[in-house]
Each structure stands twice: as structure tokens, then as C-alpha cells.
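In what follows, chains are A, B, ... by sequence order, proteins preceding strands, each numbered from 1.
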Protein chains: 2
Amino acid sequence: MRILYVEDEKFLADAVIHVLEKSGISVEWTDDGEEGLNLAMKPIYDCIVLDVMLPKMSGFDILRHIREREIKTPVIMLSALSQAEDKIKGLNYGADDYLAKPFKTAELIARLQALSRRPALQDEKVIRFGDLYYNKENRTLNELDLTEKEALLLETLLQEPDRAKNKEYILNHIWGSDNYGDDNYVEVYISYLRKKLKKLNSKVQIKTIRNLGYKLVSKVE
Amino acid sequence: MRILYVEDEKFLADAVIHVLEKSGISVEWTDDGEEGLNLAMKPIYDCIVLDVMLPKMSGFDILRHIREREIKTPVIMLSALSQAEDKIKGLNYGADDYLAKPFKTAELIARLQALSRRPALQDEKVIRFGDLYYNKENRTLNELDLTEKEALLLETLLQEPDRAKNKEYILNHIWGSDNYGDDNYVEVYISYLRKKLKKLNSKVQIKTIRNLGYKLVSKVE
DNA sequence: CTGAACCTTAATAGAACCTTAAAATATAAA
DNA sequence: TTTATATTTTAAGGTTCTATTAAGGTTCAG
């Protein structure tokens, strides 16, 4: 997933970007409202996150401009808690969600994912996660080919990447429900996928959560 | 879209319902606050529209009750008193929007649509307490991973957080009822959890109440 | 001061997980 | 069809992590 983030508080922005990238969300950031507007026109983002209070051009201005130009990219507004009215204003201007500052980054991630999970993106041919580009059509992950099972496993992990998937779920999903009990299938293919991620030198890793399952994470420095 | 509308002014209600239904919004209406509350509990509405001034039970009361019961359905408040204070009151109680009477029905429709566009808040998967953000789905507490037992212990403390849980209860809950007597299990894991809370620099602590049990508390400077 | 309740830490054992390679199977090429 | 190649399945042994155990320390009430 790729987002645009317009925020003038550098310190906050740094922290947020750090956490988002770890979740495999690639972030383009600017602190300038006008530049933000220009960038927002490009149809390359899965979501735009706008701070309301910006020098020169407010988040609302940006929102209004892009909606006037019929740009449908989902927008999440950020605003200080005191400005309760902003919520209403933002939603009326066509924002898709609203988050009061201060917010937990996990909350932002949840909402980003909720927005990007909407139908349109579901059958996308190319899925991004961190520095990965997975092409569903010809089963390539960056420059590597995946086998069928590897690809299915990756796709499983890629849908709702913030949610860990357990072995049983993966087994059912890929090998079918009759095939119960052989967790080793999953382990073997997790191992294969890891090997390919390593070969790609990707920041993305498969994290094991003992007794629970697996999820994708993207290392940040 | 399906909404619940609680309004005692029959004449107004008729007019509003007429226009909403014409816009494809199906409306369930009641003029009774208590019945409104009962209906509001059902998780079948995309939005609830509450008039503030109602006989017996005010819109604020309904709002407060349903939010206390963790019902997340979006709520729009309607009030003749266009004073800023009511607005703040409503929004603080967990209303999602506010509309002063008299209002244009088109305005109400716009706001209903804005709200239903917004993704539902993640519920139950994430539990907040103080500055903590516990994700049950992948067993993370803020940026730290928890082990299975740590997670179960935290979940136990997190349910009804102001009620202290004794060791026996925790033991039964996590280790099973046969496993009586080994309070040390609990002590060890309380210790582990405390260590992680410290690592997180959290304001939240586990308080020991001698001969009674443990509870979570959040330090306020 | 004393004992009970509670806390902390380190060591251990076993479950869960990982990796690898060989065997079986499917797929493609000749 | 036969051969070659790629992928999946099976199996075995190795590694890591967590729950448990145990021992000794600390705090608190009487």
C-alpha cells in the first residue's frame, strides 16, 4: 500500500512514518500544503492522510480541491481533539474517515487498511507491501518467480496484512479443509518463502507468532 | 442503508422519513426514548438519529447508554438548541455528528452518507487502557510482542479493569481449574508483564492488593 | 521480629517451529 | 512415449522459544 501524508509537525511525521513503513505501507510525505495538493492529484496513492492545520493551505482546502477535481482517492483527516467541528466539516467535504490527534498509530493503520480493503482494490493485479511488488497474474515477486503454493501462501498473508494467520487457516485456504493436521506443509512453504525474501534482500519478513500464526512485517533500518 | 430515528415530533418525523425513504434509506422510527434505546442495541442499523428533547429519556441518555454498552453504531444528534455546548456534550458522549434544528433534510442525508462511508471502527480486536494498545489478533502490546500466557493474563486483567482479580481466578482462567494451588504461576507471569510494561515506559501498572489480587491502574503524573 | 504473601530470576524440558533433502508427482520438452 | 525439469509431499533431525520449576529475596501486617 502506498499513501500520501501531508503533515507539518516533523517530529510527529517521523514517528508515524516509521511505524507505517514497518507495516509495509510506503509513505510519501510533505509538510507543504501546496505540494501536497499537487501530489494528491496523482492517482498513485491508495489513501491520502491530511493534517487539518497546515501553513498556507489547510487540509480542508486540499480536500475540497481534490474532490472538486473528481479525485476519488480515500482521504483521512487528522485534527486536534478540540476542533470537534472539523470532523463534521471534513466528512461533509468528502473525507472518508477522521482521526483526532493525538492518535495511536495502530489506529491509523487499522483505518488505512479498512479503507484500502474496499472492493476495488481486492482484485488488483499487483499488490505492494513494503519493498515488495507481487504480481498475481504471473506470480512474480519482484524479479523472482513463485511456485503455485508459494504464491497462494503469499496472497494469504497479503490479504489483511495486519492480521496474523494461523496454520489451520492457511492449510484450509491452500490445501483444502480435508487436509487437516499437517502443519508441516505450512512450515515448509513458510520456509521456502522466507528463502525467496532473503534472496530478494527485501526488508519484508515473515514473523512467527508462536501458537498463533504468521504475519508479514517490514523492517525499518 | 438502514437507520433508526428517535423523534417525538410526529409531524417533523413524517416529513423526514418521507424524504429519506425516497433516497433509498430505510427508516425505523419511534417516538419513545426507552423503545429507542432497546432498538439501538440491535446491531442492524447503519446509523442512529437521535432527537435530544424526548419525553422520559433524552437523546443524550440514550447515547450515553449505548456507548456504555460498547455499541459503536454511528449516531447523529438533533437538537433545537443550537448552542455550542450541546454540540460539545453530544460529541463528548460519543456522537459522531450533530445537526441543529431546523435542518434541511438534504443535509441530514449528506451526513448519513458521510458516516456510512466511514469504515466501522475495529472493535474487540484492539483494547485500550491508559496509554496501552493491546492487539488481541497478533498479541502485541504497543510495540512489544507478548507470549501466549502473558497475553491471556493481560486479557484477564483487561476485562472489567477496575475489578481486582485474585490468583485463584486467574489460575482457573488461564491454567485451568485442576491446577489449583500453584500461585507462583501467576506471580511469575505478573512479574513478566510488569517487566514489559516498564520496558514500554507505560503509565499503566499492575497493582497488588494483598490477599485479594491484582488490578491495572494508570498513573496520572 | 516473624511468618506469610509476594516478587524476581535463572535453569530446564519439551513443544512448536525450522530446515533440508529425498521421494513422489506433475508438467513440459523431445 | 520417453525424458527432463519443476514442484509438491514426506520425513527426519535440528533449533528456538516458552512454560514451568525452584530457589532465594523482598515486603508487609501483626
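- Taking the six-membered ring where the residue is Trp, Tyr189(A) and Tyr192(A) present perpendicular rings, their angle passing 60° and hence far from 30°.
- Counting to the nearest Å, the P atom of dT7(D) and the CG atom of Leu152(A) are 14 Å from each other.
- Checked options Asp61(A), Asp32(A), Asp8(A); the residue passing with Lys56(A) is Asp32(A) (criterion: side chain to side chain donor-acceptor pair (under 3.5 Å)).
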Start with the C-alpha distance between Glu35(B) and Asn38(B), add both sets of side-chain angles, then the distance that settles side-chain hydrogen bond (donor to acceptor under 3.5 Å, both in side chains), and finish with yes or no. CA-CA 5 Å; Glu35(B) 194 192 347; Asn38(B) 286 332; over 6 Å; no

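- OP1 or OP2 of dT9(D) lies within a sub-4.0 Å distance of a side-chain N or O belonging to Trp175(A).
- The shortest side-chain heavy-atom distance between Leu197(B) and Leu132(B) falls under the 4.5 Å cut-off.
- The side chain of Glu187(A) lies closest to dC17(C), out of dC17(C), dT8(D), dT21(D).
- Within the 4.5 Å cutoff, the side chain of Glu148(A) has heavy atoms near those of the Leu152(A) side chain.
- Distance CG (Asp182(B)) to C1' (dA23(D)): 13 Å, rounded to an integer number of Å.
- Taking every heavy atom of residues 204-214 of chain B and every atom of DNA chain C, pairs under 4.0 Å involve Thr208(B), Arg210(B), Asn211(B), Tyr214(B), by number.
- Using a cutoff of 4.0 Å between basic side-chain nitrogens and carboxylate oxygens, Asp46(A) and Arg128(A) are not scored as salt-bridged.
- Distance CG (Leu171(A)) to P (dT10(D)): 11 Å, rounded to an integer number of Å.
- Leu39(B) and Tyr45(B) make their closest contact through O-CE1, 3.3 Å (heavy atoms, listed as atom of the first residue, atom of the second, distance).
- Shown for residues 143-150 of chain A: residues whose heavy atoms fall under 4.0 angstrom of DNA chain D, namely Thr147(A), Glu148(A), Lys149(A).
- In this structure, Ile174(A) places its CD1 atom 10 Å from P of dT9(D), rounding to the nearest Å.
- Applying the 4.0 Å criterion to OP1 and OP2 of dA16(C), one finds that Lys167(A) has every side-chain N and O outside that range.
- Here the C1' atom of nucleotide dA11(D) and the OH atom of Tyr189(A) are 15 Å apart, to the nearest Å.
- An OP1 or OP2 oxygen of dA19(D) is reached within less than 4.0 angstrom by no side-chain nitrogen or oxygen of Tyr185(B).
- Rounded to the nearest 0.5 angstrom, Leu146(A) CG and Thr140(A) OG1 are separated by 7.5 Å.
- Remark: Leu153(A) CG to Leu157(A) CG distance equals 4.5 Å, nearest 0.5 Å.
- When the C1' atom of dT20(D) is taken as reference, atom CG of Asn184(B) falls 9 Å away, rounded to whole Å.
- The CZ-P distance, from Arg194(B) to dT26(D), rounds to 16 Å in whole Å.
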Which pairs, protein N/O on one side and nucleotides 10-12 of chain C N/O on the other, fall under 3.5 Å?
none

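- Met41(B) CE to Ile48(B) CD1: the interatomic distance, rounded to the nearest 0.5 Å, is 9.5 Å.
- Here the P atom of nucleotide dT19(C) and the CG atom of Asp183(A) are 16 Å apart, to the nearest Å.
- At dT9(C), one or more side-chain N or O atoms of Lys195(B) fall inside 4.0 Å of OP1 or OP2 (strictly under the cut-off).
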If you apply the rule side chain to side chain contact (heavy atoms under 4.5 Å, CB included), what do you find for Val16(A) with Val27(A), and how did you get there? CA-CA 10 Å; Val16(A) 169; Val27(A) 182; over 6 Å; no

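- Around the CD atom of Glu68(A), the shell of radius 6.0 Å holds more than 12 heavy atoms that belong to other residues, nucleotides or ligands.
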